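Here the structure comes first, spelled out in structure tokens, and everything after it is commentary.
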Amino acid sequence: MRPVPSLPRRLAGPTPVVVTGTLCWLVAAVVFGMLGWTGSGVDVRFWTCVTGSGLGVLGYGVFRWQRSASQRGSRGSWQGLAGLDG
């Protein structure tokens, strides 16, 4: 049985997934917002997408903060984050 090759660094890092997911929430918020303003008003779908976008931005910020702490060598940081995504 052949060993499975590892993924390239650009595909193994979490940044593309987090950014893509956040952008999808943002696009959906814009779409539901436009539909809501032209129709009977915004509804729960719009606010769900706004919340998803906000949580994505917040989560990415926390990830960047933890990665910079790992690169600095901070004692309380997660180990192994310093080499991800550049």
Side-chain angles (χ1 to χ4, degrees):
M1 182 171 223
R2 294 183 344 178
V4 177
S6 60
L7 287 173
R9 282 179 68 128
R10 65 182 178 83
L11 295 178
T15 300
V17 174
V18 173
V19 170
T20 302
T22 302
L23 287 176
C24 287
W25 280 114
L26 187 61
V27 167
V30 169
V31 168
F32 286 126
M34 297 290 245
L35 291 174
W37 293 120
T38 60
S40 61
V42 294
D43 61 356
V44 70
R45 294 175 297 182
F46 170 75
W47 293 113
T48 300
C49 294
V50 168
T51 303
S53 299
L55 288 175
V57 169
L58 180 68
Y60 184 71
V62 168
F63 171 72
R64 294 284 298 184
W65 178 40
Q66 289 176 341
R67 185 168 54 184
S68 69
S70 178
Q71 289 172 341
R72 284 191 317 267
S74 180
R75 273 189 336 159
S77 68
W78 287 351
Q79 301 302 314
L81 287 177
L84 293 177
D85 298 332

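Here the structure is a predicted model, which means the values were calculated and not measured. Counting from 1, the numbers follow the sequence of the chain as shown. Every heavy atom of this structure was used, including side-chain atoms; hydrogens, water molecules and symmetry mates were not.
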- Message: Do Val31 and Val42 land in one hydrophobic cluster if side-chain heavy atoms of ILVMFWY residues count as linked below 4.5 Å?
- Response: yes

- Message: Let me check something: do Tyr60 and Leu23 share a hydrophobic cluster, defined by ILVMFWY side-chain heavy atoms less than 4.5 Å apart, either directly or through other members?
- Response: yes

N/O donor to acceptor pairs below 3.5 angstrom from side-chain atoms of residues 46-53, sequence neighbours left out:
unit_1	atom_1	unit_2	atom_2	d
Thr48	OG1	Val44	O	2.7
Thr51	OG1	Trp47	O	2.8
Ser53	OG	Trp25	O	3.4
Ser53	OG	Leu26	N	3.1
Ser53	OG	Cys49	O	3.0

